[in-house]
Asker: 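For reference, the structure I am asking about is given below.
Letters A, B, ... mirror the listed sequences (proteins, then strands); counts begin at 1.
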Amino acid sequence: MVKKGTVQAIVQYITAILLIFLLTWHLVIRVPWLRGVETFKDTLSPNLVYHEINAYGVLLLVFAYAALLHGFNGLRGILLEWTSGKYKNLITIVIVILIVVFGALATYTVIGTPNPNP
Amino acid sequence: MAEEKSKVIDNRPGWIASINPWVLRVVNNPERVAFVLHRVTGILMALIIMAHIFVTGTPAHTGWEAWVEEINKAQGFSLVTLYFFFFAGIAWFHGLNGIRLLLVEFFGVCIGKPEKPKPPYIAPSLKACQRKLLYLVFLLWPILWAITGYIVFFK
């Protein structure tokens with residue numbers, strides 16, 4: 001029988017493996033000379049950012065959800081430890097709400113970002 | 001009620017133990033320093049991720065003008081570049097140490113082989129190459145953070 005604590009640990013490890021690759025990619029695309037631009041600021045120009053969202057939207061969403069799951073699952077573990085599990089249900093509910101709200105925000109960003117050159 | 005209470009084990013050292021690397025008075029314990037740094041950077045990352053998702057949604061929420069206005073501040077030493085710099089520093093440590101933890105805890109690499117306990121009773125895991133991985137993390141972290149600082153502030 002799989003215990004809940006084990007599931008939590010597996011979620012942390014699987015999302016961590018995903019995040020190693022996705023975070024590296026996320027940081028590397030901000031390196032100016034790899035993007036063929038002059039400065040860091042230029043890597044954030046609307047055209048490049050829109051191209052990233054358009055071309056790699058699914059990857060960005062996987063990244064956002066993996067980061068949210070990993071981050072908030074970890075935060076939940078820490079809070080449960082600090083409170084000795086006294087407020088387990090409350091903490092779990094708040095964490096789930098935060099994941100849903102910020103997941104929805106990330107999804108809206110990928111779907112709703114307008115073309116800078118309509 | 002009393003029975004219910006007894007099920008909860010008190011966290012006697014309290015939350016402060018999470019940010020105190022010397023809560024266990026053990027010499028030569030860099031793993032504890034890494035644990036504390038991993039936890040602190042993890043909490044900060046969880047908070048910054050929320051801000052990051054909110055800020056990167058600016059073009060979708062308010063349009064590209066607001067985005068361009070913010071991005072124009074992303075040069076030299078400004079609040080925007082400092083934000084990127086600190087976020088990257090936190091992410092570098094958490095990521096590098098996370099790779100070490102994955103190798104050690106998830107894949108069981110670099111933890112040494114079990115042996116019969118004998119004086120001076122040093123656990124095989126403390127003599128195994130995970131310690132070298134840890135030193136590598138402490139070496140690579142400032143280097144990568146400095147490179148990020150160069151890109152963010154001077155490029």
Side-chain angles (χ1 to χ4, degrees), chain A residues 9-10 12-14 16-17 19-20 23-24 26-27 30-33 37-47 49-50 53 60 64 67-68 70-86 95 98 101-103 105-117, chain B residues 5 7-12 14-18 38-39 42-43 45-50 52-61 63-65 67-68 70-76 80-81 84 87-88 91-92 94-96 98-99 101-102 105-107 144 147-148 150-155:
Chain A
I10 289 172
Q12 281 304 87
Y13 288 128
I14 302 289
I17 294 168
L19 285 170
I20 288 167
L23 183 64
T24 306
H26 197 64
L27 290 174
R30 296 274 85 84
V31 178
W33 48 86
V37 291
E38 290 287 313
T39 62
F40 169 69
K41 194 184 109 180
D42 293 340
T43 65
L44 297 164
S45 67
N47 285 334
V49 172
Y50 182 70
I53 292 173
L60 282 169
L68 284 170
H70 187 83
F72 287 122
N73 192 31
L75 200 59
R76 177 180 170 270
I78 292 169
L79 290 172
L80 289 182
E81 190 188 301
W82 281 357
T83 56
S84 303
K86 279 175 201 161
I95 290 293
L98 283 172
V101 168
F102 282 93
L105 263 175
T107 309
Y108 178 64
T109 299
V110 169
I111 295 169
T113 300
N115 189 341
N117 310 304
Chain B
K5 231 179 183 180
K7 284 181 188 169
V8 176
I9 302 164
D10 270 346
N11 179 9
R12 273 185 290 175
W15 63 270
I16 200 81
S18 291
H38 198 77
R39 179 160 279 201
I43 294 167
M45 289 266 285
L47 298 176
I48 295 174
I49 282 167
M50 290 191 275
H52 196 64
I53 285 177
F54 191 76
V55 169
T56 49
T58 305
H61 304 142
W64 286 105
E65 291 78 18
W67 175 263
V68 171
E70 280 304 305
I71 292 318
N72 280 335
K73 296 173 195 163
Q75 51 190 346
V80 177
T81 51
F84 277 114
F87 194 7
W92 278 126
H94 201 82
L96 288 169
I99 293 171
L101 291 175
L102 270 174
E105 292 174 3
F106 195 64
F107 294 107
L144 291 169
I147 292 170
T148 311
Y150 172 73
I151 291 170
V152 170
F153 294 125
F154 304 109
K155 281 303 291 177

Asker: What's the shortest heavy-atom distance between B:Pro59 and A:Pro114, and which atoms?
Answerer: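 Where B:Pro59 meets A:Pro114 most closely, the heavy atoms are O-CD, 3.4 Å.
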Asker: Tell me if a side-chain donor or acceptor on B:Trp64 pairs with a main-chain N or O of A:Asn47 at a distance below 3.5 Å.
Answerer: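 Not at all, since once roles are kept as given, no pair shorter than 3.5 Å links the two residues.
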Asker: Quick one: list whatever passes side chain to side chain donor-acceptor pair (under 3.5 Å) with B:Glu65, sequence neighbours left out.
Answerer: none
Asker: By a 4.5 Å heavy-atom criterion (distance strictly below it), what part of B:Ile49 contacts chain A: side chain, backbone, both, or neither?
Answerer: side chain
Asker: Quick one: which of B:Gly63, B:Ala74, B:Gly42 has the most heavy-atom pairs under 4.5 Å with chain A, could you say?
Answerer: B:Ala74
Asker: Which bit of A:Asn73 is near chain B, if near means a heavy-atom gap under 4.5 Å: side chain, backbone, both or neither?
Answerer: neither
Asker: Provide the closest heavy-atom pair for B:Val68 versus A:Pro46 in the form atom of the first, atom of the second, distance.
Answerer: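 For B:Val68 and A:Pro46, the tightest heavy-atom pair comes out as CG2-CG, 3.6 Å.
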Asker: Scan B:Phe153, B:Phe154, B:Phe84 and name whichever one has a ring pair (Phe, Tyr, Trp, His ring centres under 6.0 Å) with A:Phe40.
Answerer: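 When ring pair (Phe, Tyr, Trp, His ring centres under 6.0 Å) is applied between A:Phe40 and each of B:Phe153, B:Phe154, B:Phe84, only B:Phe84 qualifies.
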Asker: Report the option among A:Ile78, A:Leu75, A:Leu23 that has the most heavy-atom pairs separated by less than 4.5 Å from atoms of chain B.
Answerer: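 Maximum pair count with chain B is reached by A:Ile78.
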Asker: Can you list everything that forms a side-chain contact (heavy atoms from CB on, under 4.5 Å) with A:Leu19? Sequence neighbours excluded, please.
Answerer: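 Applying side-chain contact (heavy atoms from CB on, under 4.5 Å) to A:Leu19 gives A:Phe63, A:Ala66, A:Ala67, A:His70.
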Asker: In terms of heavy-atom proximity below 4.5 Å to chain A, should B:Phe87 be classed as side chain, backbone, both, or neither?
Answerer: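 Contact with chain A: none, neither part.
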Asker: side-chain contact (heavy atoms from CB on, under 4.5 Å) between B:Thr148 and A:Leu27: does it pass, once the steps are laid out?
Answerer: CA-CA 9 Å; B:Thr148 311; A:Leu27 290 174; 6.0 Å; no
Asker: Do you know which of B:His94, B:Lys73, B:His61, B:Arg39 has the most heavy-atom pairs with chain A at a distance under 4.5 angstrom?
Answerer: B:Arg39
Asker: Specify which of A:Gly74, A:Gly112, A:Ser45 makes the most heavy-atom pairs with chain B at under 4.5 Å.
Answerer: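 The candidate making the most pairs under 4.5 Å is A:Gly112.
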Asker: Is chain B contacted by the side chain of A:Glu38, its backbone, both, or neither, given a heavy-atom distance below 4.5 Å?
Answerer: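 Interface part for A:Glu38: backbone (N, CA, C, O).
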Asker: Shorter than 4.5 Å, heavy atoms on both sides: which option in A:Thr24, A:Val49, A:Ile111, A:Leu98 has the most such pairs with chain B?
Answerer: A:Val49
Asker: Could you report the tightest heavy-atom contact between B:Trp67 and A:Leu44, atom names first, then the distance?
Answerer: NE1-O, 2.9 Å
Asker: Could you tell me which of B:Thr56, B:Ile99, B:Leu47, B:Thr58 has the largest number of non-hydrogen atom pairs under 4.5 Å with chain A?
Answerer: B:Ile99
Asker: Among B:Asn72, B:Val80, B:Thr81, which residue satisfies the side-chain contact (heavy atoms from CB on, under 4.5 Å) criterion with A:Lys41?
Answerer: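 Among B:Asn72, B:Val80, B:Thr81, the one meeting side-chain contact (heavy atoms from CB on, under 4.5 Å) with A:Lys41 is B:Asn72.
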Asker: With heavy-atom distances below 4.5 Å as the criterion, would you say the side chains of B:Ile53 and A:Leu68 are in contact?
Answerer: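 The answer is yes, as the side chains (C-beta and beyond) meet within the 4.5 Å cut-off.
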Asker: Under a 4.5 Å heavy-atom cutoff, which of A:Thr43, A:Val101, A:Thr109 has the most pairs with chain B?
Answerer: A:Thr109
Asker: At their closest point, which heavy atom of B:Phe54 faces which heavy atom of A:Leu105, and how far apart are they?
Answerer: CD1-CD1, 3.9 Å
Asker: Just so I understand: if I count every heavy-atom pair under 4.5 Å between each of B:Met45, B:Glu105, B:Met50 and chain A, which residue has the most?
Answerer: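 Heavy-atom pairs under 4.5 Å are most numerous for B:Met50.
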Asker: Are the side chains of A:Trp33 and B:Ile151 in touch, meaning some heavy atoms are under 4.5 Å apart?
Answerer: yes
